[in-house]
Protein chains: 2
Amino acid sequence: MRKKVTLKQIAKELDVSISTVSKSLKDSHEISEDTRQKVQAFAKLYNYKPNNIALSLKNKKTKTIGIIIPEIVHHFFATVISGIEQVANENGYNVIVCLSDESFDKEVINMELLANGSTDGFILSLSKETQQKKDFHHIQEIISQGMPVVMFDRVTNDVFCDKVIIDDQQAAYDAIQFFISRGFKKIALLTTVDYVSVGKLRTDGYLKALRENGIEINEDLIVKIEDIDNCSNKIESLIKNQEFDALFAVNELFAVTAIKLANKQDKKVPDDFSVIGFTDGIISQFSTPSISTVSQNGIKMGRKAAKMLIDRLEKDEEDELYTTEIIETELVLRESTTT
Amino acid sequence: MRKKVTLKQIAKELDVSISTVSKSLKDSHEISEDTRQKVQAFAKLYNYKPNNIALSLKNKKTKTIGIIIPEIVHHFFATVISGIEQVANENGYNVIVCLSDESFDKEVINMELLANGSTDGFILSLSKETQQKKDFHHIQEIISQGMPVVMFDRVTNDVFCDKVIIDDQQAAYDAIQFFISRGFKKIALLTTVDYVSVGKLRTDGYLKALRENGIEINEDLIVKIEDIDNCSNKIESLIKNQEFDALFAVNELFAVTAIKLANKQDKKVPDDFSVIGFTDGIISQFSTPSISTVSQNGIKMGRKAAKMLIDRLEKDEEDELYTTEIIETELVLRESTTT
DNA sequence: TTTCAACACTACAACGTTTTCGCTACAGTG
DNA sequence: CACTGTAGCGAAAACGTTGTAGTGTTGAAA
């Protein structure tokens with residue numbers, strides 16, 4: 001086994017000082033051509049590479065970005081990571097990923113762990129539990145220590161930092177407007193419980209669109225789902241007992257589940273009702289019928305978040321002006337809506 | 001801004017030595033009750049947490065696992081990461097994720113970067129390009145430096161290390177046997193080009209099952225796909241020009257694409273032909289018809305890989321005995337196969 | 001001959017931590 | 001009084017690196 005070689009070992013071997021080795025490898029003019037070549041040749045032979053940890057300690061920079069997300073087995077979050085990783089990579093940064101599993105405690109523990117020197121900054125999306133508790137002290141704490149934080153998608157107004165979001169309300173509004181423009185008046189909504197920020201905003205967009213078009217809001221057409229694994233009953237009863245000609249779901253899982261359950265009751269999408277989902281993932285693309293969605297570009301979101309974080313990291317003045325970037329969404333029309 | 005406090009600062013503030021502070025916080029018996037309490041109170045007040053980087057440098061352990069995978073926007077890899085993260089977390093490890101984007105160069109660069117002190121070991125799945133080039137020097141190099149490596153799914157026999165795989169050949173064999181047991185004789189295969197190790201193995205299982213059952217192999221029923229974004233023609237022509245009663249796809253994307261293209265030609269699954277895919281992902285579950293698959297439990301694979309790596313890391317003797325764990329697969333029957 | 005610059009190199013501190021070893025002062029023992 | 005033991009603390013090294021501030025030698029100008 002050939003362990004990694006250090007400056008010290010090279011120095012000893014060549015009978016020069018550590019400084020000389022370090023400078024030779026950095027092509028310092030203080031070192032004679034002769035010595036430089038000797039050292040470089042030796043270093044190459046033994047495949048010398050500086051130790052990142054030692055550099056991090058010295059420079060007080062790790063060139064590492066911490067990502068905290070609720071879960072990774074979720075197409076949207078995976079695309080965001082992918083986007084972050086692209087930009088990080090282009091700028092010589094690594095990403096270290098922690099999953100909160102939607103748990104407040106895990107979110108706190110992971111952040112505190114990484115904040116102790118492991119990362120230069122954070123990109124995070126809040127866990128459900130954190131949003132529910134409205135307890136953001138761990139994030140505040142980290143920001144107050146001078147570590148930059150960028151929040152995306154599931155954000156909160158209670159923390160001042162850079163943010164990347166989509167205009168959830170507007171996007172939902174646009175989707176509903178699309179339905180209305182096609183002459184649909186009875187529009188059902190499949191949404192989450194209110195404490196999930198994005199669910200709430202999308203619901204608001206739905207309500208706003210109806211109101212502005214003078215359509216009465218029918219509470220029977222609004223289904224709020226807490227637990228995705230346990231929502232069949234509610235959706236089934238909606239489809240069976242209510243009459244509607246269009247359905248808007250705040251995520252693609254709700255959308256595809258509704259379509260499947262409709263099939264069971266011999267109702268066909270889009271013949272019996274049109275469907276638009278949210279988040280343009282694999283499911284929407286490949287289900288039959290393929291589902292029209294409000295496309296939320298995760299890659300773009302991740303890239304933007306990473307760019308904002310790195311910009312802040314590489315700028316030396318502390319800038320207290322935080323910005324919130326809005327990533328545009330797009331209504332992607334597929335087979336689940338009549339044209 | 002309240003920067004992180006160090007031992008040195010506490011020492012200065014309380015007018016004791018750094019050693020005393022360190023020992024106090026570790027409840028050393030060398031320190032008087034009095035001093036200990038004073039230090040601990042102060043540390044708590046200023047929220048002292050030891051600096052991970054300094055610890056890593058001192059202990060020559062980072063408590064970090066490097067994960068190198070081809071891409072993350074891929075349900076299977078996301079589940080594997082999820083599994084790795086679970087076990088890592090349980091054992092106080094963090095995970096740092098790098099994506100090779102199926103590129104040999106990026107795989108090499110990322111590994112070399114992380115190997116310079118950033119991680120204690122690696123869990124990786126080979127990029128397509130690496131498998132094609134059969135160049136594994138970067139992995140060999142890292143192993144020879146004494147850094148443990150665990151490979152999963154896309155592995156190679158040319159590198160000696162711990163591995164976690166499924167029995168791809170057997171799983172494919174079982175799927176084909178299932179078809180044959182239902183009386184199907186004309187079985188089509190949608191596979192990858194041969195250099196993708198798992199594709200090759202699954203193809204071998206298909207061939208073996210046919211041979212053992214005395215069914216003649218019809219090359220026209222075997223379609224090898226290089227590029228997923230550009231495979232429609234080949235699959236369409238298979239469906240249009242060949243006659244078959246069952247189709248086995250080596251991944252779920254191929255499976256769902258085939259079903260969609262069949263629909264276009266007014267052929268229905270499973271009425272016109274049955275389909276079994278590979279990798280039990282979101283698509284298989286939610287497409288219509290839902291797709292029967294050989295389920296490849298990514299979480300389990302990730303957990304196992306992480307366990308193997310951590311075991312090796314925490315055991316002090318160097319053990320040259322490498323093992324290859326086989327994760328069992330399961331045939332999950334859904335709507336795409338007739339019963 | 002003195003002075004000084006240029007050259008080629010080394011020593012050392014610093015980053016934050018742990019741990020071994022050593023030191024001092026005081027109590028106890030014979 | 002001389003010695004030993006010990007409680008309580010501090011100094012210093014080590015991990016690997018970089019950059020600043022020296023150090024010693026040479027040769028040339030004054």
Side-chain angles (χ1 to χ4, degrees), chain A residues 3-40 42-43 46-64 113-120 145-147, chain B residues 3-40 42-43 46-64 113-120 145-147:
Chain A
K3 278 266 176 215
K4 294 225 72 97
V5 67
T6 67
L7 288 184
K8 193 194 266 191
Q9 287 161 27
I10 298 179
K12 194 174 172 187
E13 209 69 33
L14 296 179
D15 208 33
V16 291
S17 77
I18 296 177
S19 321
T20 305
V21 177
S22 173
K23 286 175 183 163
S24 298
L25 295 174
K26 297 202 120 45
D27 275 327
S28 161
H29 56 273
E30 291 183 44
I31 307 295
S32 70
E33 183 65 25
D34 216 41
T35 315
R36 234 188 301 163
Q37 294 209 345
K38 200 173 58 181
V39 172
Q40 291 187 3
F42 193 92
Y46 282 86
N47 194 25
Y48 168 80
K49 295 274 166 56
N51 179 303
N52 292 329
I53 296 290
L55 285 179
S56 296
L57 183 60
K58 181 143 184 36
N59 302 333
K60 292 165 156 281
K61 278 191 191 169
T62 60
K63 284 281 198 174
T64 302
L113 197 69
L114 294 190
N116 295 319
S118 302
T119 63
D120 294 343
Q145 282 166 10
M147 189 168 279
Chain B
K3 277 264 179 217
K4 294 226 72 100
V5 66
T6 68
L7 287 186
K8 194 194 265 193
Q9 287 160 26
I10 298 180
K12 194 173 171 190
E13 209 69 35
L14 296 180
D15 209 32
V16 291
S17 76
I18 296 179
S19 330
T20 305
V21 177
S22 176
K23 286 172 187 165
S24 298
L25 294 175
K26 296 202 119 47
D27 276 325
S28 161
H29 56 272
E30 289 184 45
I31 307 295
S32 70
E33 184 64 23
D34 217 42
T35 314
R36 234 188 301 162
Q37 294 209 345
K38 199 173 56 180
V39 172
Q40 291 188 2
F42 194 93
Y46 282 86
N47 193 26
Y48 170 79
K49 296 274 167 52
N51 180 305
N52 292 329
I53 297 290
L55 286 179
S56 295
L57 182 60
K58 180 137 189 36
N59 302 334
K60 292 165 157 283
K61 276 190 190 169
T62 61
K63 285 285 201 168
T64 301
L113 197 70
L114 293 190
N116 296 318
S118 303
T119 64
D120 295 342
Q145 282 167 8
M147 190 169 278

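In what follows, chains are A, B, ... by sequence order, proteins preceding strands, each numbered from 1.
- Using a 4.0 Å cut-off, some side-chain N or O of A:Ser22 falls inside it from OP1 or OP2 of D:dT18.
- Rounding to whole angstrom units, CG of residue B:Asp27 and P of D:dG8 are separated by 14 Å.
- One side chain, B:Glu33 or B:Gln37, offers a donor N or O that lies under 3.5 Å from an acceptor on the other.
- With rounding to whole Å, B:Lys63 atom NZ is found 22 Å from D:dC15 atom P.
- As a whole-Å value, the separation of A:Leu7 CG from C:dC12 P is 18 Å.
- Here the C1' atom of nucleotide C:dT17 and the NZ atom of A:Lys58 are 16 Å apart, to the nearest Å.
- Rounded to whole Å, atom P of C:dC9 lies 12 Å from atom CG of A:Asp15.
- Nearest nucleotide to the A:Ile18 side chain, out of D:dT18, D:dC9, C:dG16: D:dT18.
- Of the two residues contacting DNA chain C, namely B:Tyr48 and A:His29, the nearest-nucleotide position lying further toward the 5' end is that of A:His29.
- Protein atom CD of A:Glu33 is 14 Å distant from nucleotide atom P of C:dC7, rounded to whole Å.
- Between B:Lys60 atom NZ and D:dT17 atom P there is a gap of 10 Å when expressed in whole angstrom units.
- When each of A:Glu30 and A:Lys8 is assigned the nucleotide of DNA chain D bearing its nearest heavy atom, the one mapping closer to the 5' terminus is A:Lys8.
- At D:dC9, none of the side-chain N or O atoms of B:Lys23 fall inside 4.0 Å of OP1 or OP2 (strictly under the cut-off).
- No engagement by A:Ser56 is indicated, since no non-hydrogen atom pair under 4.0 Å with the nucleic acid exists.
- B:Ser22 places no side-chain N or O within 3.5 Å of a backbone atom of B:Ile18 that could act as its donor or acceptor partner.
- Between the CG atom of B:Leu55 and the P atom of D:dG16 there is a distance of 15 Å, rounded to whole Å.
- In this model, no side-chain donor or acceptor of B:Ser32 finds a partner on the base of D:dA7 within 3.5 Å.
- At least one donor-acceptor pair closer than 3.5 Å links the side chain of A:Asn52 to the backbone N or O of B:Leu113.
- The two residues B:Lys49 and A:Asn116 have their closest heavy-atom pair at CB-OD1, 3.2 Å.
- Using a 4.5 Å heavy-atom cutoff, the side chains of A:Asn47 and A:Val5 are not in contact.
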